[in-house]
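Working notes, structure below.
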Amino acid sequence: MTGLSKIIGSAALLVTAMTAALWAVPAEASGTAPQYRGYCEAKYRTGALKGVKPRWSHGYNSRTKRMECREADSMGFNTSVKGRTFWINLNDLCHFTTGRSDFHWHGEGQVACGRNDHR
């Protein structure tokens, strides 16, 4: 009986250690996810027609290697107006999101606000 209890005790200890190790690893990358849409709308959706203008989106421009705020194309009075595009200042974006200006990249087009804890 002592041999069986040792095996069960070892297995329980192993399962507990593996569970603790898996729960300790963060599911997300380090840093805070930026609020792109809120930043783009707060910075560029202004003026008297603020509520009428199309919503802003964001994206990564692989040609220029920069994040961008993008305004949708709009229609009105038999005309089509091409949407505008502005580069995002990542320091301003992270200051808008977290109150701190530091940021880091997690890959092409993936920005996180805060210090990089994976060094």
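In terms of heavy-atom proximity, Ala112 sits nearest to Pro34 at CA-CD, 4.4 Å.
Legend: disulfide (SG to SG under 2.5 Å) pairs involving residues 68-97, not counting sequence neighbours, sorted by first then second residue: Cys40-Cys69, Cys94-Cys113. Within the structure, salt bridge (charged side-chain N to carboxylate O under 4.0 Å, His left out) contacts touching residues 101-113 (residues at least two apart or in different chains) are Arg100-Asp102.
Looking at residues two or more places apart in sequence or on another chain, you find a side chain to side chain contact (heavy atoms under 4.5 Å, CB included) between Ser80 and Met75. When the side chain to side chain contact (heavy atoms under 4.5 Å, CB included) test is applied to Glu68, the partners found at least two apart in sequence or on another chain are Asn61, Thr64, Arg70, Thr85, Trp87.
Grouping Ile, Leu, Val, Met, Phe, Trp and Tyr residues whose side-chain heavy atoms lie under 4.5 Å apart, directly or via other members, places Tyr36 in a hydrophobic cluster with Tyr39, Tyr60, Met67, Ile88, Leu90, Leu93, Phe96, Phe103, Trp105, Val111.
Residue Lys82 holds its NZ atom at 12.5 Å from CZ of Arg84, rounded to the nearest 0.5 Å. Note: His58 NE2 to Glu41 CD = 12.0 Å, rounded to the nearest 0.5 Å.
Checking side-chain atoms of Ser101 against main-chain N and O of His95 turns up no donor-acceptor pair under 3.5 Å.
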